[in-house]
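The structure appears below as structure tokens.
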Amino acid sequence: MEEAEIYDYYILFPNHHEGLHLHKELKKAGVKCSISPTPRAASSFCGISLLLAEEQLDAAKKVIESCGVKIEGIAKIRRK
Amino acid sequence: MADYREMWDGLGMDLEKHDMLCEALPNAFGEVYLSQKNRPEGMDYFDFVVAEIHGVRPAELVEHKKKGGKVFGTFCVYVPDEVIFAAGAIATGLCGGSQFWVPGGEKVLPANTCPLIKASVGARLDRTCPFFRLADIYVGETTCDGKKKAWEILNQDVPVYVMDIPQMKREQDIAAWGEEIKLLLNKVEQVTGNKVTPEALAENIKLINRKREALARLYNTRKSSPVPISGRDALLISQIAFYDDPERFSSKTNELCDELEKRIAEKNGVFPAEAPRIMITGTPMAIPNWKLHNIVETCGAAVVVEETCTGVRYFANPVDETGTTLDEQIQTLAERYMKVNCACFTPNQGRIDDILRLVKEYRVDGVIDCNLQFCGLYSTEGYLVQQALQKAGIPVMHLETDYSEQDSEQIRTRVQAFLEMLGD
Amino acid sequence: MLVAGIDIGSMSTKAVIFNGQRFYKAISPTGWSPRQAASQVYSQVLSRSGFNQKQIDYAVATGYGRVSIDFADRVVTEITCHARGAAFLLPGTDMVIDIGGQDSKVIRTNAQGQVLDFAMNDKCAAGTGRFLQVIAAALGVDVSDLAALSSGQAPITLNSMCTVFAESEVIGLLSQGKEKGEIIAGLHQSIARRIAGMAQRMGVLNKVTFTGGVARNEGVRAGLEEQLGVPVLVPDDCQFAGAIGAALLAWDSSEK
């Protein structure tokens, strides 16, 4: 039996200030996310990233565009 | 890209080895914490502190040191933070809770030493934790034989100042602890070059009392059914209390409590109301040791209180704030700290009384008495704890474990069997 | 009504089917795949009973491999199942001592087979079936012959309970020319002492049921009886106590 593949999305930041800023904006917009340590598969930077489920991805992208927070990218990682 | 490498390098850390540690955290944290359902939003702050565990707070300590400030590393809830902060220094808890550091400790310590001591020594000697690098001086104590000898070994690498903890709780022992606090105060003054004034000490007694109040408020919410916050989350907050900025910590914890109190009013819990309510008593669980809480809660029970140093022992009993002279303040500090019930005291009836009281207050269905492997004091005292609970008709189970994952499945089987027993 | 209990132990997998009157049983080594062993033993017991899987109303899985199977309606720990099974096999039991392949446990139980308290050995193979197997291999004998070989022999005191150290101690004793029977008698005695210590911490009881694969070893049983000073009884189906307990719990569940 193959398990269904589920992916998590991690928004990566140049520093934690940007990360906390976006976290606040996403919360305001009602987009669910959690503050997470950055997985090594996404980046070698030890620090925060924002963890999203696939359903939240488009809404999050809109918020990122409108609030002008600097991000380093979004990493897609298969959940184990 | 934000990078703490420069800071870590400047602290003399082993970057390559530290990298391996950084690699393990995200998975463990994701599995134990972020996978939980219906977490309180106020946990965001604590998630942030963990996600930045070797970044944000160490950077604050680096700034503090640049301005000439000193950092004191501590290992025991008997060490009075108030005195350290009153001299303009920062106290930070240093206990190691990861298996990652254990082999480093085993290079110099016997294998049958408790994992907390091995991990703490390993974190220093392997140079893989910024907090262990940042502390200008460590404050040790004489709580157990393993620690006493470990200080001598650590002292070859970093200055260690040792406080002599009494072994009994008579009047003269409380007085002796007051003398030890006085000596610590002198030492703190000498290291910082600052005088501890009664005004500064009074202010910092209040600062630490505010932290105790915030934690007491948090624990109070856990008395409700359904419980508004998981035991894992509460444990994480307690662990963070040891090294976060006290003022910020108190305000963030109080913010979370506002949310939790609302949840209680709405009967919004993280476990069903009928889930078994478990107390964990025994040895401390230093960050990132979440093993037992995770096992218990993924078996469907809620951990509602910890009678441990990373639980109620840390915040119970505020310090009397009425003292105006150093002598009075030291006396009230000594009285407060000597109320902490550690198995290093004989007798230690206060702990058993506390456990029985907490069982009622938190409406506990069963108690897990768990000690770290090779902790002779707690495993021996376990006999008396279990006896008292059995006499009171409260189901109890004893466990002994370490930081490794090897025995997780065996522990899980026992916890499940214990829960099945409670359910019958 | 028809129910099943499957006990996937570290060394052997047991399955029983219960129709309210009798138990159909099958047993086979677990091997490297608990999942495969479970489905194999399950089909074995089904064909033996003449029923098919669709007719089973409720199945309970237990034992260390309990989570690896997908046909169970409920998963229950071996502690709860052994207590229930032992109380059924030997009514009046107030304590169950189970020594299996990978762990040993002492369970205090009431007349209904409910667990009142329990203790398990720590994370090592000392005093388990695995321990006996390793030592038997070092002595060049079969596990099933241990009891007969040690019968009537004066036990040699063994210092080590760690499987690894005990093995080298045994080899040392052999090279000193000690009799195999005396060494084995010593081995049984040391296992009995260790388990009796666990049991005594729970309070002295009246009637002890001894289950698990090691219960077939008369040397260990007699040693336990001597240490505890109360009758230690081994039911005929000592290896099936867990699976029978699982089936009885399945029966309760399907009645609800």
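In what follows, chains carry the letters A, B, and so on, assigned in the order in which the sequence lines appear, proteins first and then strands, with residues in each chain numbered from 1. Reckoned from all heavy atoms, side chains included, excluding hydrogens, waters and symmetry mates.
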Quick check on [X]: does its [atom1] atom have over 12 non-hydrogen neighbours (other residues, nucleotides or ligands) under 6.0 Å away?
X	atom1	result
R412(B)	CZ	yes
F71(C)	CZ	yes
Q390(B)	CD	yes
E31(B)	CD	no
K360(B)	NZ	no
K149(B)	NZ	no

When rounded to the nearest 0.5 angstrom, what is the spacing between [atom1] in [X] and [atom2] in [Y]?
X	Y	atom1	atom2	value
I79(C)	Q416(B)	CD1	CD	9.0 Å
Q410(B)	Y64(C)	CD	OH	11.0 Å
T109(C)	M421(B)	OG1	CE	11.5 Å
T413(B)	D103(C)	OG1	CG	8.0 Å

Q) chain C heavy atoms under 4.5 Å from E409(B): which part of the residue, side chain, backbone, both or neither? A) neither
**Q.** Best-contacting candidate, V75(C), L116(C), V67(C), I107(C), against chain B by heavy atom pairs under 4.5 angstrom
**A.** L116(C)
Q | Between E78(C), R66(C), R201(C), the one whose heavy-atom pairs under 4.5 Å with chain B are most numerous | A | R66(C)
Q. Sub-3.5 Å donor-acceptor pair from the side chain of E420(B) to the main-chain atoms of V76(C), do we have one?
A. no
Q. Looking only at heavy atoms, which two atoms of V396(B) and D117(C) are closest? And how far apart?
A. O-OD1, 4.2 Å
